[in-house]
Amino acid sequence: MRFLVNNASWTGTGDAIDVTEEEYDKTFDASVKSVFFASQAAARVMLQQANGGRIIHIGSKFRRSSLQKASRVCSCKAAVHHMSKALSLEWASKGVLVNTIAPCITETESR
C-alpha cells in the first residue's frame, strides 16, 4: 500500500444548543474516528515497506475559522488537522508522511 486518502466526513449542521449526543457521535465517528483508524491500518502496512507511504487527510478551512451552525464539523476538522500533525511527527522519520489539505465547503443536499 503506497497511498491512503481519507475523505470521510459527516457535516451535521444546526444550532449547537439542540445537538444530541447521538448526533455529535455520528459526526465525530465519521469525521475523526474513521480517519484515525484508517490511518492506523494503512500505517501498519506502510511502516513495513521499504518506501513507506503517504497518508492524505481531507480537512477543511474551517479548522481555523468557523461557520455558523456548524460547531460539530468545525471542531472535527480541527481535530483532523491536529491528528495529522501528531501522526506525521510519529511516522515521518520511518517513511510515512501524513498531510492534510484544506478545501473550502461544498454545498450539497446533505448539508
Worksheet item: Going from CG on Leu97 to CD1 on Ile55, what distance comes out if it is rounded to the nearest 0.5 angstrom?
Response: 9.0 Å
Worksheet item: Does any N or O in the side chain of Ser31 come within less than 3.5 Å of the main-chain N or O of Phe28, such that one atom is a donor and the other an acceptor?
Response: no
Worksheet item: With no hydrogens and no angle check, is any side-chain donor or acceptor of Ser93 less than 3.5 Å from a backbone partner on Leu89?
Response: no
Discussion item. Leu47: which residues meet the side chain to side chain contact (heavy atoms under 4.5 Å, CB included) condition with it, sequence neighbours left out?
Written reply: Ala43, Trp91, Lys94, Val96
Worksheet item: How far apart are the C-alpha atoms of Val19 and Arg72, what are their side-chain angles, what is the distance that settles it, and do they pass the side-chain contact (heavy atoms from CB on, under 4.5 Å) test?
Response: CA-CA 9 Å; Val19 174; Arg72 287 179 284 163; 3.6 Å; yes
Response to the item:
Smallest heavy-atom separation, His81 atom then Ala102 atom, equals CE1-CB, 3.9 Å
Worksheet item: How many angstroms lie between CD1 in Ile101 and NE2 in His57, if you round to the nearest 0.5 Å?
Response: 11.0 Å
Item to complete: Work out which heavy atom in Met46 is nearest to a heavy atom in Leu4; give both atom names and the distance.
Response: CE-N, 3.8 Å
Worksheet item: Where is the tightest heavy-atom contact between Ile58 and Thr100, given as atom of each residue plus distance?
Response: C-CG2, 4.5 Å
Worksheet item: When you measure from the side chain of Gln48 to the backbone N and O of Val45, does any donor-acceptor pair fall under 3.5 Å?
Response: no
Worksheet entry | Atom pair CG/NZ of Asn99 and Lys85 - distance to nearest 0.5 Å | 11.5 Å
Worksheet item: Counting distance only, does the side-chain N/O of Ser88 pair as donor-acceptor with the main-chain N or O of Ser84 below 3.5 Å?
Response: no
Item to complete: Consider only side-chain N and O atoms of Asn6 and Ser39, and report whether a donor and an acceptor are under 3.5 Å apart.
Response: yes
Worksheet entry | Residues forming a salt bridge (charged side-chain N to carboxylate O under 4.0 Å, His left out) with Asp18, sequence neighbours excluded | none
Practice prompt. Quick one: list whatever passes side chain to side chain contact (heavy atoms under 4.5 Å, CB included) with Gln40, sequence neighbours left out.
Written response: Phe36, Phe37, Arg44
Worksheet item: Got a donor-acceptor contact below 3.5 angstrom from the Arg2 side chain to the Asn51 backbone?
Response: yes
Fill in: Check: Met1 main-chain N/O paired with Gln49 side-chain donor or acceptor under 3.5 Å
yes
Discussion item. Between Val80 and Val98, is there shared hydrophobic-cluster membership here, with clusters defined by ILVMFWY side-chain heavy atoms closer than 4.5 Å?
Written reply: yes
Worksheet item: Which pair of heavy atoms, one from Gly59 and one from Pro103, lies closest together, and at what distance?
Response: O-CD, 3.7 Å
